There are 2 protein chains.
Amino acid sequence: MGERSVNLKALAAHLGLTVSTVSRALNNYPDISPATRKRVKQAADQLGYRPNQNARRLSIGTPETVCYLMPRQIGPNAQPFVAQLLAGLGEALNERNWDLLVSQADASVGDLASIERLVKSGRIAGLVISRPLKNDPRVKLMQSLGCPFVVHGRTEKSDDYAWYDVDGEDAFVTAVNHLARLGHRRIGFIGAPLQYQFAQERLDGYMRGLSHNGLAQAPELVQIAEFTDEGGTAAAGLLMDLAVHPTALVCVTDMMALGALEALHARGIMPGKDVSVIGYDGLHFGKHAHPPLTTMAQPQAHAGRRLGDMLLSIIDGADPTKFHELQRAHLVQRSTDGPVTGNAGQINVSEREDSR
Amino acid sequence: MGERSVNLKALAAHLGLTVSTVSRALNNYPDISPATRKRVKQAADQLGYRPNQNARRLSIGTPETVCYLMPRQIGPNAQPFVAQLLAGLGEALNERNWDLLVSQADASVGDLASIERLVKSGRIAGLVISRPLKNDPRVKLMQSLGCPFVVHGRTEKSDDYAWYDVDGEDAFVTAVNHLARLGHRRIGFIGAPLQYQFAQERLDGYMRGLSHNGLAQAPELVQIAEFTDEGGTAAAGLLMDLAVHPTALVCVTDMMALGALEALHARGIMPGKDVSVIGYDGLHFGKHAHPPLTTMAQPQAHAGRRLGDMLLSIIDGADPTKFHELQRAHLVQRSTDGPVTGNAGQINVSEREDSR
DNA sequence: TTGCGTGCCGAAACCGGTTTCGGCTAACGT
DNA sequence: ACGTTAGCCGAAACCGGTTTCGGCACGCAA
């Protein structure tokens, strides 16, 4: 209701000019006299004229929009990082007055088909993919469609597209190193399904950390579960019920680590004292866990911003293979890590009081 | 690069028909013979034709897009509910193949101006506003613009627009009732800045709960701070350092409650034993707090879906004032609530052992 | 045979902008 | 005084669809 917002035609009529003149005046074409340019611009923002973006973009030939593909799994333990990522993306896009679309693949259609529709319908100039699988079909699809995209995370072979990631392998080497230095020799791994590349990477890091410290790899020490707190509880339960249980646990996410803490409490085991636990993510909430969770924190404040800038560069024509940004996670020690103690029901190792 | 995706003209040429015929065939106009209709549709999805949405929407006259306005404050304690809300909104929109835009007001432009640009540029058919202020100028702006919108939350007077909210006042009455039943007579309130309507509502509920239980209102018992964990810690600190400190705290968000727990621990006070704490939100993380946080949980799983459906109805012409959906929060008891104990450094009340 | 619907498709206007091109006017040099 | 050249603006095509309208060809009844 009310009149439709003023369009170019109305503005032109109001000024006694043609639409083409007005358009060029507003877009700073050199063939418009300074006088009329000024007159046009004044009238424009006096009447509150805003160019219709659909029309403009149709004409321009670019949708001036990028899309963020939301990771599926939501539910009660929602993804806390989504908001931050969107904020960063939005910041990058705002500088150009581009729009940010979010899309979760329509369940009835399927991921791939839904992506294909999105790009073929000309709605988006680029796409952000989150948390890729080890061999993610979406990557190949986007490449075959010739549509610019960036990945938050990596796939198994990740040399021919742009990505931003935190080095999960390095992080888990660091975590294992830290635990080994505290005297732990039997370290359990709580992981996520290996179809996710991040899960594989972190497992690799765990393995490398083990051998780097001369520790044996025992298959029973790695437990895979869904990356929820319940998953962590279940996995930790299995590990602690082993004949000789580990004296430390590294967990693929903070959420799983929090779940692991529950399993320890349920068995009367004191995290950080009897058994060490290290998570991954650096979630703010970990500070309030019982006890406060030691974790490998990733610097994800800027992930969205970086991804946005990368994507825009690629849309501008830059070579996607040039953008590989690998950040490092760092250990934030809270209270769930500590030296190994003798009363752990397992091989007795010499107690040592490491300094913290 | 590559050929531009097939457009209507190409498809028509391929078929030896005109664009208008093909368009009408695809849109099931009755004046197209079943034979050619079928032929057209087959060719269309064989060539992978997808109508250009910018062009289509320009022609149709509606952007088929709604926008979610992200709440500003992000930072480390990101909004966990944003992802859930977006998922719900997306679900509702997907059924019509509408798009979901997210926008955080450009800091350099300002909320209002940025909203006005958004709707005047014809990009969106509706807007979702989150966490409104007591007297939120965005609501009036949208009304004066004549653009459909829904609000997640309410403002002070909320009868002339559509909203979905959880009854914070009722929730805090419930919380205070619960505490009073446990014997608490000196209950502190940890609140957020009262410019936010939700903060005011919950304070109102607290007050009503007090008088409903015949408890005195003491100004020093209500502390306002930023709604972060640090804010909660600070506010709780002030309250616990009072000459006669409260035996229970109700907090306006779970995040603040977690912060409050820190303040208690720092003073050697055992939450749930010496002093009760009740949060609000029902955050999943509260389960892993120390001790697990009792909270008023809001059923926000469906908020996004409901808001989306409401907004679409309004866009379809329904009366916005018809949509007022008020949900109730419910107490989820974990471990930070308990009967008042005598050793609390304050007026001795008769101990009573309430049943749990 | 003529006339008249009816079924089916093409022509063209339109959505609201952008951009190329051409022409008019005034100032300029010679 | 006259041709040239900027400077400035209008005309028109275009982006890729949708939708109204008109007309051709056919079948049917008179």
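Letters A, B, ... are given to chains in the order of the sequence lines, protein chains preceding strands, and every chain is numbered from 1. Quick caveat: nothing in here was measured; it's all calculated off a predicted structure.
- Side chain of B:Ser20, nearest nucleotide from D:dT19, D:dC9, D:dG17: D:dT19.
- When heavy atoms are screened at a 4.0 angstrom cut-off, B:Asn27 is found touching the sugar-phosphate backbone but no base atom.
- Between B:Gln53 atom CD and D:dG17 atom C1' there is a gap of 10 Å when expressed in whole angstrom units.
- With rounding to whole Å, A:Tyr29 atom OH is found 18 Å from D:dG7 atom P.
- Taking atom CG of B:Asp31 as the reference point, atom C1' of D:dC24 lies 14 Å away to the nearest angstrom.
- Distance from the side chain of B:Thr21 is smallest for C:dG10 among the nucleotides D:dG10, C:dG16, C:dG10.
- Among the atoms of the strands shown, only primed sugar atoms or phosphate atoms (P, OP1, OP2) are found under 4.0 Å from some heavy atom of B:Ser33.
- Taking the six-membered ring where the residue is Trp, the centroids of B:His152 and B:Trp163 are separated by 6.0 Å or more.
- Each of A:Pro34 and A:Val19 was matched to the nucleotide of DNA chain D holding its nearest heavy atom; the match closer to the 5' end belongs to A:Pro34.
- For the pair A:Glu64 CD and D:dC15 P, the interatomic distance rounds to 18 Å; values are reported in whole Å.
- In this structure, B:Arg123 atom CZ and C:dG16 atom P are separated by 16 Å, rounded to whole Å.
- For the residue pair A:Tyr164 and A:Pro299, the shortest heavy atom distance occurs at OH-O, 3.6 Å.
- In terms of the side chain to side chain contact (heavy atoms under 4.5 Å, CB included) criterion, residue partners of A:Arg50 (sequence neighbours excluded) are, by chain and number, B:Arg117, B:Lys120, B:Ser121.
- Residue order along DNA chain C, read from the 5' end via each residue's closest nucleotide, puts B:Thr18 first among B:Ser59 and B:Thr18.
- Across D:dT18, C:dA11, D:dG10, the shortest atom-to-atom separation from the side chain of B:Ser23 is found for D:dT18.
- As a whole-Å value, the separation of A:Arg56 CZ from C:dC15 C1' is 17 Å.
- Residue A:Leu8 is in base contact, counting any heavy-atom pair closer than 4.0 Å across all strands shown.
- Here the options are A:Lys140, A:Arg138, A:Lys134, the test is side-chain hydrogen bond (donor to acceptor under 3.5 Å, both in side chains), and the partner is A:Asp136; only A:Arg138 passes.
- Side chains of B:Phe198 and B:Val166 form no contact here, defined as non-hydrogen atoms less than 4.5 Å apart.
- Between A:Asn28 atom CG and D:dC8 atom P the separation is 14 Å, expressed in whole Å.
- Contacts of B:Asn52 with the nucleic acid, taken as non-hydrogen atoms under 4.0 Å apart, involve only primed sugar atoms and P, OP1 or OP2.
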List, one per line, each side-chain donor-acceptor pair under 3.5 Å for residues 51-63 of chain A, sequence neighbours excluded.
{"residue": "A:Asn52", "atom": "OD1", "partner": "A:Asn54", "partner atom": "N", "Å": "2.8"}
{"residue": "A:Asn52", "atom": "OD1", "partner": "A:Ala55", "partner atom": "N", "Å": "2.9"}
{"residue": "A:Arg56", "atom": "NH1", "partner": "A:Glu64", "partner atom": "OE1", "Å": "2.9"}
{"residue": "A:Arg56", "atom": "NH1", "partner": "A:Glu64", "partner atom": "OE2", "Å": "3.4"}
{"residue": "A:Arg56", "atom": "NH2", "partner": "A:Glu64", "partner atom": "OE2", "Å": "3.3"}
{"residue": "A:Arg57", "atom": "NE", "partner": "A:Pro63", "partner atom": "O", "Å": "3.3"}
{"residue": "A:Arg57", "atom": "NE", "partner": "A:Glu64", "partner atom": "OE1", "Å": "3.2"}
{"residue": "A:Arg57", "atom": "NH1", "partner": "A:Asp99", "partner atom": "OD2", "Å": "3.0"}
{"residue": "A:Arg57", "atom": "NH2", "partner": "A:Asp99", "partner atom": "OD2", "Å": "3.2"}
{"residue": "A:Thr62", "atom": "OG1", "partner": "A:Glu64", "partner atom": "N", "Å": "3.1"}

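- When the P atom of C:dT19 is taken as reference, atom CG of A:Leu58 falls 12 Å away, rounded to whole Å.
- Among the heavy atoms of the strands, none lies under 4.0 Å from A:Arg57.
- Nucleotides of DNA chain C nearest to B:Ile32 and B:Ala55 differ in position, and the one nearer the 5' end is that of B:Ile32.
- In the set D:dC15, D:dA11, C:dC9, the nucleotide with an atom closest to the side chain of B:Lys9 is D:dC15.
- Taking only side-chain atoms of B:Ile60, from C-beta outward, the nucleotide of D:dG17, C:dT20, D:dT19 with the closest atom is D:dT19.
- If you check distances only, the side chain of B:Arg50 never reaches the base of D:dG17 with a donor-acceptor pair under 3.5 Å.
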